[in-house]
Amino acid sequence: MRFLARATACDKRKLSSDTAHHQAATFLGIMDTSSNPYADPLDAAFDAPSAEPGPAPDSGPAPARPGPDPAYLRGLNAEQREAVLALDGPVLVLAGAGTGKTRVLTTRLAHILATRRAWPSQILSVTFTNKAAREMKERIGALIGGTVEGMPWLGTFHSIGARILRRHAELAGLKPNFTILDQDDQLRLIKQVIEAENIDEKRWPARTLAAMIDGWKNRGLAPADVPDGDAQAFAFGKGRNLYALYQKRLKSLNAADFGDLLLEPIAILRGNREILDDYQHRFRYMLVDEYQDTNVAQYLWLRLLAGANKNICVVGDDDQSIYAWRGAEVENILRFERDFPGAKVIKLERNYRSTATILGAASGLIAANRARHGKTLWTDTGSDGDKVRVQGVWDAEEEARNVASEAENLHRKGQPLAQMAVLVRASFQMREFEERFLALAIPYRVIGGPRFYERAEIRDALAYLRVIAQGDDDLAFERIVNKPKRGLGDATIQALHNHARAANVPLFAAAAELGETDELAPKARATLAALTRSFDRWRQQAPHLPHTELAEMVLDESGYTDMLKADKSPESAGRLENLKELVRSMENFESLTAFLEHVSLVMEIEQNDGGPTDRLNLMTLHAAKGLEFETVFLPGWEEGLFPSQRTLDEKGTAGLEEERRLAYVGITRAKSRVFVSFAANRRVHGQWQSALPSRFIGELPEAHVDNVAGEGFYGNYGGGGFRDNQSGYGTQAFDSTYSSPGWRRAQAQRGSSSPFTNAHEGARGRSATIDAKARVVTTADSGASAYAVGARVFHQKFGYGRVVAVEGNKLLVDFDKAGSKRVMDAFVGKA
DNA sequence: CTCGGCAGAATTTTT
DNA sequence: TTCTGCCGAG
């Protein structure tokens with residue numbers, strides 16, 4: 001048990017990195033294994049060139065098994081139990097929303113381990129997100145003790161793919177230390193390839209080709225496999241060739257993109273019988289989470305690995321497949337039984353999350369879809385609960401006001417803000433809500449917004465580190481060669497490229513060479529020489545000091561931090577702060593390479609940005625999958641926005657069904673309350689557009705819905721409007737609107753002007769501002785809207801600061817991190 | 001080479 | 001409306 005103590009004392013984040021597994025493995029290897037029942041004798045040997053395949057299950061240590069009903073099985077319902085216990089042969093678990101899917105998955109793993117059916121290293125369990133992987137590790141740890149780090153093959157498709165590819169890199173024409181490119185790098189590279197072929201990048205944008213290449217890779221297609229029709233679609237048939245050239249460039253850069261992390265292992269497994277045998281033998285059990293989201297490549301990968309023993313268990317929900325646009329094939333889950341004959345299919349339909357009303361509404365909606373296995377969620381929790389409230393409003397601003405005030409209501413009644421979420425279809429919808437929350441000083445958190453590692457300053461810092469770790473990394477070198485500005489412009493870069501190509505060396509080497517010769521202007525030459533010398537120095541230092549110190553040194557000596565310090569813009573302080581955060585996060589890794597590997601596969605960072613913990617959640621519907629909240633707000637249910645017109649145009653019925661699944665996901669996130677709303681007018685790209693309520697509203701069973709007329713909903717829809725809405729949204733549902741006092745008042749105010757004109761803009765804008773103020777006054781406990789000089793305040797965007805001056809309702813605030821800013825008093829709260 | 005101005009495009013995005 | 005990327009002037 002000494003082991004357990006040490007394991008839990010370890011930093012959890014450390015354990016989540018792939019390289020940490022190696023360490024954990026070594027750690028396990030040198031341990032006194034007799035004290036840890038799950039210590040895995042195989043894992044330590046994994047990296048040996050010819051690792052012995054594991055012992056047959058029955059040749060392992062004697063199964064000292066707990067009695068007939070181990071603790072971890074208690075509390076499972078019959079279906080869940082079956083899903084946990086059905087270990088032999090293929091199993092498809094159709095797990096509806098809120099039916100305890102993760103619990104089944106983790107319990108199943110625990111069961112395999114506890115019954116000694118396999119060692120931890122003989123189980124392959126794949127998830128899509130790092131978050132899901134982390135959660136599984138934690139939950140398994142909780143079930144069987146803190147031995148999670150002994151599960152080397154629990155991870156995302158991509159991290160496991162990367163692991164396999166690193167092990168056999170040479171078979172794919174790569175070195176084991178290859179770089180993993182993210183979207184940004186990928187796009188840059190594709191652009192270079194297009195330009196090198198003299199194709200007009202304006203006419204044939206790199207983004208388009210990037211999307212096509214991704215699509216091909218998702219479908220498991222190497223350049224040679226790309227069908228003619230597909231290849232025809234880009235630059236008069238040059239698509240395939242460009243794809244091939246891109247792949248060639250990747251190899252010469254010793255780099256792989258995300259797609260390659262799946263594709264290359266497939267090629268390796270297909271082309272090398274012994275390797276395939278080794279893995280097939282190794283993985284006695286396979287588990288796949290979110291199977292409905294797998295694409296063809298992932299499917300092929302799984303089929304290859306499942307090979308011989310076919311102990312594969314996939315868990316998913318066809319009704320929650322919302323990533324077809326990213327290559328996911330709902331087909332995979334729909335045809336599982338055909339792919340794996342004799343598969344056992346278990347449906348989890350008992351929902352432990354939502355009220356009967358919410359389930360009824362969600363089921364009624366999803367029933368309109370044709371392509372599905374068909375499940376009926378049920379619950380037996382007491383009362384039916386509140387009906388789904390559907391409300392029509394004038395515009396997005398009113399929508400945000402309603403949501404915010406409803407959230408405040410619930411909050412006053414004791415519901416934590418963190419138990420509420422606003423789920424939008426597209427991120428541009430978030431703005432209105434953020435503004436409103438800011439104005440009311442409602443703490444909120446945006447989930448899935450811009451990623452930490454995608455910020456420019458972070459990517460720059462990483463580029464420096466990448467060049468140090470991997471001199472071949474041209475993309476990284478190019479990124480920072482003139483950042484901070486060193487006077488190395490296009491001309492010099494071009495010369496570098498030419499030289500690199502002629503001498504067939506990486507850019508960095510070319511830079512070093514050009515720093516010696518006199519091909520370049522003296523100034524550029526001296527700068528290049530100085531830069532390459534700096535890198536040489538950093539590389540020399542690297543082994544001798546902690547990588548965090550190295551990072552600090554690099555950022556300082558390169559002039560990068562000075563550049564930010566000299567920058568007077570309000571963001572620069574935050575950028576410096578981010579860099580500090582980056583260095584802090586590096587502490588959790590053993591080495592620079594371990595850190596870089598983590599960064600490329602895990603695009604997130606644990607945020608400890610202070611501020612209140614109880615915050616209202618704001619995110620896209622996609623980001624909400626897998627989460628649950630007491631109350632869910634679903635704004636923007638309008639034709640064109642949701643379902644999205646573009647999806648409808650591009651994907652037709654299939655697209656509509658995916659949008660409907662998205663709506664289903666949204667509703668089923670709620671435990672007790674759902675508020676749907678739609679706005680009659682919305683500003684899209686600065687243009688006002690009118691909209692009709694979404695057809696999904698009409699598809700919600702009437703019995704579970706409560707229609708409410710918003711105060712600002714004027715219902716003046718000319719000849720169109722709800723009455724003609726082909727969705728069949730009932731006229732009677734809104735009849736009350738037309739005669740409500742609110743509506744009459746509104747009519748009186750507005751006269752006969754049409755809501756389709758811009759006439760309302762000024763008036764509405766003004767009244768909203770007044771309203772916002774009024775709300776601030778009523779919410780602030782003192783009733784005062786002005787702050788005194790010297791008061792500590794908190795601003796959602798700029799953080800904490802001190803009031804320096806007050807001018808009417810504007811404050812001059814000296815923010816701790818963001819510097820001096822002029823802000824409206826309504827946008828800050830008392831610190 | 002650098003900065004400023006203007007045109008054109010703007011869903012969803014697990015890795 | 002707002003951001004990005006490109007082009008022309010200094």
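No hydrogens, no waters, no symmetry mates; every other heavy atom, side chains included, goes into these values. Chain letters run A, B, ... following the sequence lines, proteins first, then strands; residues in each count from 1.
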- prompt: Counting any heavy atom closer than 4.0 Å, what does Tyr323(A) reach on the DNA or RNA strands: base, sugar-phosphate only, or nothing?
  reply: base

field: Atom pair distance, as rounded to whole Å: CG in Leu165(A) and P in dT15(B)
entry: 19 Å

task: Return the value, rounded to whole Å, for the distance between atom CG of Leu621(A) and atom C1' of dT13(B).
output: 14 Å

query: Atom CZ of Arg661(A) and atom CG of Leu365(A): how far apart are they, to the nearest 0.5 Å?
result: 11.5 Å

Nucleotide nearest Arg431(A) when distance is taken to its side chain, options dT13(B), dT1(C), dT15(B): dT1(C)

task: Using salt bridge (Lys or Arg N to Asp or Glu O under 4.0 Å) as the criterion, point out the one residue from Asp185(A), Asp473(A), Asp460(A), Asp182(A) that pairs with Arg479(A).
output: Asp460(A)

message: Using a 4.0 Å heavy-atom cut-off to protein, can you give one letter per nucleotide of nucleotides 1-8 of chain B, 5' to 3': B if the base is in contact, S if only the sugar-phosphate is, - if neither?
response: SSS-----

field: Residues in salt bridge (Lys or Arg N to Asp or Glu O under 4.0 Å) contact with Arg575(A), at least two apart in sequence or another chain
entry: Glu457(A)

Show me the protein contacts with nucleotides 8-10 of chain C, counting only N or O atoms at under 3.5 Å.
none

task: Working to the nearest 0.5 Å, report the span between OG1 of Thr620(A) and CG of Leu662(A).
output: 8.0 Å

query: Which whole-number value in Å describes the distance from Arg326(A) CZ to dT11(B) C1'?
result: 13 Å

- prompt: Touch check for Lys523(A), heavy atoms < 4.0 angstrom, all strands: base, sugar-phosphate only, or nothing?
  reply: nothing

- prompt: About how many Å separate OH of Tyr243(A) and CZ of Phe234(A), when rounded to the nearest 0.5 Å?
  reply: 14.5 Å

message: Taking donor-acceptor contacts at under 3.5 Å, does the side chain of Gln183(A) reach the base of dT15(B)?
response: yes

query: Given atom CZ of Phe452(A) and atom P of dT15(B), what is their separation to the nearest angstrom?
result: 16 Å

query: Any side-chain N or O of Thr620(A) less than 4.0 Å from the OP1 or OP2 oxygen of dT11(B)?
result: no

message: For Arg326(A), give me all partners under side chain to side chain contact (heavy atoms under 4.5 Å, CB included), at least two apart in sequence or on another chain.
response: Tyr323(A)

- prompt: What is the distance from CG of Asp214(A) to P of dT12(B), rounded to the nearest Å?
  reply: 16 Å

- request: Write down the distance between CZ (Arg207(A)) and P (dG5(C)), rounded to a whole number of angstrom.
  value: 9 Å

field: Test salt bridge (Lys or Arg N to Asp or Glu O under 4.0 Å) applied to Glu659(A) - qualifying residues, sequence neighbours left out
entry: Arg425(A)

Closest nucleotide among dT13(B), dT15(B), dT11(B) to the Ser644(A) side chain: dT11(B)

field: Between dT1(C) (C1') and Met430(A) (CE): distance, integer Å
entry: 18 Å

Phe428(A) over dT11(B), stacked by centroid distance under 5.5 Å, angle under 30°: no

His685(A) aromatic ring stacked with six-membered ring of dA9(B), 5.5 Å and 30°: no

- prompt: How far apart are the C-alpha atoms of Leu641(A) and Gln429(A), what are their side-chain angles, what is the distance that settles it, and do they pass the side-chain contact (heavy atoms from CB on, under 4.5 Å) test?
  reply: CA-CA 10 Å; Leu641(A) 176 60; Gln429(A) 293 171 260; 3.6 Å; yes

- prompt: Of all residues at least two apart in sequence or in a different chain, which pass the side-chain hydrogen bond (donor to acceptor under 3.5 Å, both in side chains) check with Glu432(A)?
  reply: none

- prompt: Base, sugar-phosphate, or nothing for Asp293(A), non-hydrogen atoms under 4.0 angstrom?
  reply: base

- prompt: Between dT13(B) and Lys625(A), is there an OP1 or OP2 to side-chain N/O distance shorter than 4.0 Å?
  reply: no

- prompt: When we call it a touch if two heavy atoms are under 4.0 Å apart, what does Ser427(A) touch: a base, just sugar-phosphate, or nothing?
  reply: sugar-phosphate

statement: In whole angstroms, the gap separating P of dA10(B) from CG of Leu641(A) amounts to 17 Å

Check: Arg525(A) side chain, Gly515(A) main-chain N or O, donor-acceptor pair, under 3.5 Å: yes

statement: Regarding the side chain of Thr647(A), the nearest nucleotide among dT11(B), dT15(B), dT12(B) is dT11(B)

